[in-house]
Every structure is written in C-alpha cells, then in structure tokens.
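Right, one structure below, let's go through it.
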There are 4 protein chains.
Amino acid sequence: MRKKFTEKQIYILDVAEELIAKQGYEGTSVRDICSKAGINVAMISYYFGSKEKMMSYLYQYRVLKTRENFSEFADTIKDGKPEMQMKEIIKYIVGQLFKYNYFHGFVTQELRHTDSVKNELLDFYQLFVRKLDDVIKKGVASGVFTFTPKPEDVLTTIIGSTLFVIRNRNFYEMYVPNKDEETYAKEAEKKVRMNLLLSIFAILGYAAD
Amino acid sequence: MRKKFTEKQIYILDVAEELIAKQGYEGTSVRDICSKAGINVAMISYYFGSKEKMMSYLYQYRVLKTRENFSEFADTIKDGKPEMQMKEIIKYIVGQLFKYNYFHGFVTQELRHTDSVKNELLDFYQLFVRKLDDVIKKGVASGVFTFTPKPEDVLTTIIGSTLFVIRNRNFYEMYVPNKDEETYAKEAEKKVRMNLLLSIFAILGYAAD
Amino acid sequence: MRKKFTEKQIYILDVAEELIAKQGYEGTSVRDICSKAGINVAMISYYFGSKEKMMSYLYQYRVLKTRENFSEFADTIKDGKPEMQMKEIIKYIVGQLFKYNYFHGFVTQELRHTDSVKNELLDFYQLFVRKLDDVIKKGVASGVFTFTPKPEDVLTTIIGSTLFVIRNRNFYEMYVPNKDEETYAKEAEKKVRMNLLLSIFAILGYAAD
Amino acid sequence: MRKKFTEKQIYILDVAEELIAKQGYEGTSVRDICSKAGINVAMISYYFGSKEKMMSYLYQYRVLKTRENFSEFADTIKDGKPEMQMKEIIKYIVGQLFKYNYFHGFVTQELRHTDSVKNELLDFYQLFVRKLDDVIKKGVASGVFTFTPKPEDVLTTIIGSTLFVIRNRNFYEMYVPNKDEETYAKEAEKKVRMNLLLSIFAILGYAAD
DNA sequence: AATGAATGAGCGTTCATTCAT
DNA sequence: CATGAATGAACGCTCATTCAT
C-alpha cells in the first residue's frame, strides 16, 4: 500500500531531491535539506521517520508520478503507426530523463541501501520494455521494421546514453554548439535524441519510403 | 610528473576503490576502508595526506593505468580493417568498463569536488573519440561504412549502455540466462556487447558481404 | 554589538575558564570541559560554533563584565582624596585579579590566536592607565604626592606583582603564615596588597601627616 | 642527581624551548620540534623518553645554567656597596628575564604537570631572596637604606613587573618610543628597569646624598 | 646509534535523531 | 502539530609513541 503525501511533505521531497541529486545522499545532510526548505531540523524525522525512509518515500513518490505520467503518454500514442510510436517513446524517455534528471541522477547511485525499493524501479522499467516490445513486434509484423532487437537492449541504449550525457556534461558540451546554462540542456537533449533515433531505427532496419 | 605509488598504497587504493564504488565516497568512511584493508585508521592520512587526496590519487592512478592500457590496445589493432577495428574497440571499452567497473562506477558520481581532475577524464574520453573518428572515416573512405555518425555519439552509446547495465544489474539480469555471481558478469557483458555491435554497425550502415 | 549569553552558556564558559586557566587552551579538551560541566561533547560546537569561538566569547564575556564592574567601582571613589583613591584602586585591581585569576591567568598566555581580541584588552588596560594618571596628577597638584611616576609603570607593577604571586603559589606561600587552601588566597592577597601600597606610595613620595 | 646532556640533546632543547615559548607546550608538537631541528620524529622519545620528560630536562637544564650564571654574577658584586649591589641585582634579573624570556615565558605556565621540578625553581628563587635579604640588611645596617621591605616582596615586584612587560608587549609598546622589532626589547627593558630602580629604592627609603 | 613506518588513543566537529514542550 | 534544545555515535584527522631494522 502506498503512502499519501501532504503538500508540505511533497515540498520537502522536492527540495531533498534537488540537493541529493547534486551532492549525493551522504553528501546531503538533513540540516542542508531543512535549511533550504526553511523548516526545522527535526521535521524530516518527524514527517518521514528517518532520512533513509524519506529517501525511500522520495523514490516511491517519483516512481508513482512517473508511472501516472507514462500512462497518460501511452494513451496519446496508442493509435499511431509503430515508427511514430517508437519515435515518440524515444522522445518521451529522453525528455523525462532530462526533465527529472535530479531524480534519475541518483536513482541508481544512491539506492544502495533499500533493496525493497529497487523492485519498484524494476516494475517501472518493465513497463517500458513491454511497450517497446509491442511496438517492435507490431512494426515487424507490418513490415516497417526488418529486425527485432531485444526491447531491454533498446531501453538500455536509450536510458544509458541519455544518462551518460546528463552526467558528463563537461564532456558532451564540447560537441554542443550552445553552452550557456539555459540552452545547453535543450541542445544536448536534441543531440542525444537525434543520435538515438538514428541508432535505433538503424538497428530496427527501418525502411523509410 | 605523476606520483609513484608503493605496493601498500596500491593495495589501499584497491580496497578503497571497491568500497567507494559500492557505497559512494561520502558513504565510505576512512574506518571502513582501513578496517577492510586490515590497517590502522591513521594510515590513510599517513599515506595520502587526507581522504580527499586519496580519492584524487585513486583517480589519477586508475586513469594512468587505463591510458597505458589503451595505448597498448591501440597498437594491437592498428593494422586491421576498419570494421575489425571498430569491433575490437567496442569489445575493448565494454570489457574495460566491466573489469574496472568499481572505478567507472564512481568516476562521474563522486568527483564533484575536484574540477582539475575532471579534465583528465575529459582528455581520456577524447582519446576514444579521436580513435573512433579515425576508424569511421577510414571505413567510409574504403566504402565499408555508409554513414558517418558523430564519434562522440558512438562513444556515448557504448559507455552509456554499458554503465547502465553494470549499474542496474537487477534489471538486466532478468534477461540474462545465468544469474549466479560468477557467470552473470560474463553473460551480461556479452549481451551488451552484442547489442552494441549490432546497433553501431547498423548506424554505420555496415555492408557486410 | 556584543553577544548576549544564556545562563547555560555562561555556565559552560565558567567551567571552561577554570579548566583553561589551569591546563591551558590546548591542554584542555572539549571533552574535559563537557565532562566537568556534565554536558554532551557536542554542546560546545552547538552553543559557540567551535572551541576557538568559545574561547573568544569567554574572553569577550569576561572583559565586558570587568569593564562594567570597573565603571561601578570608579563611581564609588570619584569623590575621595587622591591618596584614598590610589589605595582603593590598588585594592580593587589586586582583588579583581585574585577573584578572576582564572581569567587573568590565561588572558596573556592563551590568546596567541586572536589578535583582534587583544585590542580589547588593550583598551581595558588603558582605562586603568587613565584613571591612575588622573589620580597621580590630582595628588601632585594638591601636594599630597611628590613625584609623578608613569601611570603605565604603576599599573605594570600592580598587575605584574599580583599575577606573579597568583601563578607562583608554591614560592609565595613560604612567606605566608596560613597555607591551607581556604585562607592562603586571602593572606597572599593581603600581603601583596600591603607590598604594593608601600611600594607605590613610596614612589609617589606620599607625604603622610 | 642531574643528567649530563650531549651537544645534540642541548641543540634539541634549544629548538624546543623557542617553539614552546612561542606556542605553548601543548601547542607545540613533537613533529614541529623535530622538523625545525631537522631530525627524525622518533628522536625526542629516543633521547629523552617522552615529550614530557624532555620538558623536564629542558627546565632542569635552563635552571642549571641560570644558577651557574648567577653564581658568577654574585661574585662580581660581592665587594660593592649595598645600593650598588641592589642596583646590579635589579639590572641582572631584568636582563636575564629579557634574555631568556623564552624560558621564563613558559616556566610558570607550562609546568603544570611536573611538581617535582617546581621545587628546583623554588630553590632558585630563594637564592635571589637570600641575596636580596643580605643586601637590604647590610644597607639598613650601614644606614643607606631606611626601611626593610620583605625580600620576597621585592623579588615579586622585580620578576612580576618584568614578566608582565615581556608578556604584554602590545600594551607596553604604546609607551615605548621605538617600536621596531630590534630596538623595542632594549627600550622596554630600560624602561622597566628604571621603574623598578625608582620603585625599589623608594621603598627602601634610600637616602642618596 | 638512529631511522621511518606504523600504531592506538584522542582530538574538534558534524551527524541523524530524540524528547520535552 | 511543530519546535528547538540536546544527545550519542561517528566522522576525518593529528598526536606522542613504538618497533623492526
């Protein structure tokens, strides 16, 4: 059963997420979070039980939101052609990772502690895998795709490449025209998306006509 | 000029690397490291000056080793055909990441502190970019490759996908036949390598004959 | 503007002062102070920020108190005759040094660190110098004193002699009749005061009639 | 029985004395001393047994030297008139304190630990007390002095005033014409000596004619 | 006779958490 | 419901000292 969060709790989770993504879980003290959030140091234990539980709730909360979001998204593309669906999925995943990079930045790094929680991420990834599987199969059946790469590998390429770009900004920005804080993210996102589109459509043996 | 390390220092760095990769820099105490290494708590300050300097040395040491290793590798493939070279590069990078995943697991996460050090990593990545660029251009010139994807994007796909697999074992192991501790790594490495080969050769428009 | 201290802070400062006067700043650990005060080791950082800042506050606090105290004292003698005033000043300074010897015991020894703080002590000493100057000049003008020794030298003799007695108890107690813990201080104070009265009135060429 | 010191030990003691006088006993680490002396960190334990014992030896050594020195001095004045002797004693004590202020600067501050050692200082002070007593009595007998102040009080005034000046340089230098590092000490010494001469001859009721 | 590697204890400080209000 | 004072444990580090050579 999942926890319902109050507005204040959500606010704290947002602050915590940002700091933790920047500084790491251990590198972010409860005092940091509370100070930035303008609340009492005792509040995190008070609201969430402990720092670690807060982390768990933060995780839960973001997964929940992302699931809901993905459902909505899946709906919007359900009637499209496979190649369009694939293109939209790539765009969606890349976009979400860039938008919530705070979250995804720590999700695989900081959750060393809570194994239970990892299963939720698993379920979540499998949502994507299943969706990709559908699209690939449908495309192959309709003849628009030639090959059938494993959906988990396609997902791996999408998420892996995007996270690498996000986490290695000082590397990737050398190849991105605009480097100022505001536009970099947009340019980088575009570049990695283009790369993934080419790469994945190539491996699918997409026969554009 | 770079520091030379004694055997004992290297031993400590190895222990530290493993723990830090698992638990993060802040999550790994000096006491943890010394306890696991069977040495006195004072030794890290004694040998390296401080925990942070140790981190820097660890980084330096591993980059140094990897550079040397890459030079040797580059030599062994310098006379091959482009498609063979590309295949070997992919195999090499994936293999190195799996072998030294301890190191690469934290390299982009834990080095928030030392900007100077990031530049070394940058130089290092650019070694790969240049090599990939050479190979792609040569392949296109000789007609074996049809397209010219950006080398930085190819590198991004290779490293990103591999790290994702390494860091999300509990996801990827669902699609890997053997899951026991010993053989998993080997199987996962093979799977991700195959995926990358297909993916990158597809995007290169490789015309096998 | 100066910091206001809570009762608990003042209590800790008192404990710290006593220990530091006995054992020196470096020789007194935070654990010593907290243990004697019956509080947690974290409290000194908690209340004062750090051990060093605590030292600074301790100094500030005592100077403040002593200044206030001196103002009151100066008022009580302002209408007396110069010889009476001089006598009272000597009595007052000696008395204060004996009473707050903990503080004066370290004031010139332990404040190697904080130059800023030394200026406050300087101002403080100059208060005495000015007052002594007034009294001497008035006494000479009225004919009750014959000579005009420098006020800074008079102060030097008063404070120097008294501190020497306080700090070299095992020397001075040989010449003091009662040596038990309770009465020694009183006897020693009386003896040094008598010596200073004789000495300073002699140098002033005091013509008693 | 007293220890005999080798040249190297004396050298180390000299270095230690200077540092300890500046920074205090606790504020001076064995590493500081050894580093400044250009010797191995283990040497202090090796030569003296421990840091604390070294301190004790340092003390012993300086007292020994000062005793010998005083004997020589006492000889040179033994045939003079009491007023000349008194003048020379004051000059001698003040001079010694200024010359060996390193030593005297910590003698009453840092020897909190070693009670045994304090007795030696006691003996030493009593040498002065006896000498002063002789001179005073002789002067009174010969009619050149009128009063008989206690010799321990005279000594207290001499040592106390001088040490105060040495330890509170930033106070006293306000009243000293030359303040540069080289000449300050000389000027301050002269000023405090003049003050003591006036003060003590006044209290002795010295009838110059 | 002297070294330098290594130790264990203790340092000042910060941590997440608790508790009385 | 929320606070802020207070806690004990752990942190990275430096200390005087020891020990094998």
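Sequence lines set the chain letters: A, B, ... in the order given, protein chains first and strands last, and positions in each chain run from 1.
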Is there a side-chain contact between D:Ile33 and D:Met54, using heavy atoms and a 4.5 Å cut-off? yes
Just the atom pairs and distances: protein N or O near nucleotides 11-13 of chain E's N or O, under 3.5 Å.
{"unit_1": "E:dC11", "atom_1": "OP1", "unit_2": "C:Ser29", "atom_2": "OG", "d": "3.2"}
{"unit_1": "E:dG12", "atom_1": "OP1", "unit_2": "C:Val30", "atom_2": "N", "d": "3.4"}
{"unit_1": "E:dG12", "atom_1": "OP1", "unit_2": "C:Lys51", "atom_2": "NZ", "d": "2.9"}
{"unit_1": "E:dG12", "atom_1": "OP2", "unit_2": "C:Val30", "atom_2": "N", "d": "2.7"}
{"unit_1": "E:dG12", "atom_1": "N7", "unit_2": "C:Arg31", "atom_2": "NH1", "d": "2.8"}
{"unit_1": "E:dG12", "atom_1": "O6", "unit_2": "C:Arg31", "atom_2": "NH2", "d": "3.1"}
{"unit_1": "E:dT13", "atom_1": "OP2", "unit_2": "C:Lys51", "atom_2": "N", "d": "2.7"}

Assess whether a salt bridge exists between C:Arg62 and C:Asp14, defined as any Lys/Arg side-chain N lying under 4.0 Å from an Asp/Glu carboxylate O. yes
Based on Watson-Crick and G-U pairs with both distances under 3.5 Å, what dot-bracket line describes DNA chain E 5' to 3', crossing pairs as [ ] and inter-strand pairs as |? .||||||||||||||||||||
Check whether any side-chain N or O of A:Asn40 sits under 4.0 Å from OP1 or OP2 of F:dA2, and answer yes or no. no
Without decimals, in angstroms, what is the distance between A:Met43 CE and F:dG4 P? 10 Å
May I ask you to verify if any side-chain N or O of C:Tyr46 is less than 4.0 angstrom from the OP1 or OP2 atom of F:dA5? yes
Checking the side chain of B:Tyr61 only, and the main-chain atoms of B:Phe5 only, is there a donor and an acceptor separated by less than 3.5 Å? no
Taking atom P of F:dC1 as reference, at what distance in whole Å does atom CD of A:Glu7 sit? 16 Å
In whole angstroms, the gap separating P of F:dT17 from CD1 of D:Ile33 amounts to 10 Å
Check the distance between E:dA2's C1' and D:Ile39's CD1 and give it to me in whole angstrom. 11 Å
Expressed in angstrom and rounded to an integer, what is the separation of C:Phe48 atom CZ from F:dA5 atom C1'? 14 Å
Please determine whether side-chain contact (heavy atoms from CB on, under 4.5 Å) holds for the pair C:Met43 and C:Lys8, giving the CA-CA distance in whole Å, both sets of side-chain angles, and the decisive distance to 0.1 Å. CA-CA 10 Å; C:Met43 296 316 288; C:Lys8 193 139 198 175; 5.8 Å; no
Test item: C:Tyr57 side-chain N/O and C:Phe48 main-chain N/O as donor-acceptor pair under 3.5 Å: no
Check this one for me: any side-chain N or O of A:Tyr47 less than 4.0 Å away from OP1 or OP2 of F:dC1? no
Could you tell me how far apart D:Lys8 (NZ) and E:dA1 (P) are, to the nearest whole angstrom? 12 Å
Just by modelled atom types, is the C:Asn40 backbone N or O under 3.5 Å from a matching donor or acceptor in the C:Tyr46 side chain? no
Is it possible for you to check whether C:Lys51 lies under 6.0 Å from the centre of the six-membered ring of C:Tyr25, through NZ or CZ, and within 45° of that ring's axis? yes
Quick one: does any side-chain atom of B:Gln9 pair with a main-chain N or O of B:Thr6 as donor and acceptor, under 3.5 Å? yes
Are any side-chain N or O atoms of A:Gln23 and backbone N or O atoms of A:Ile20, one a donor and one an acceptor, separated by less than 3.5 Å? no
B:Gln23 CD - F:dA10 P separation (whole Å): 15 Å
In whole angstroms, the gap separating P of F:dT17 from CE of D:Met55 amounts to 13 Å
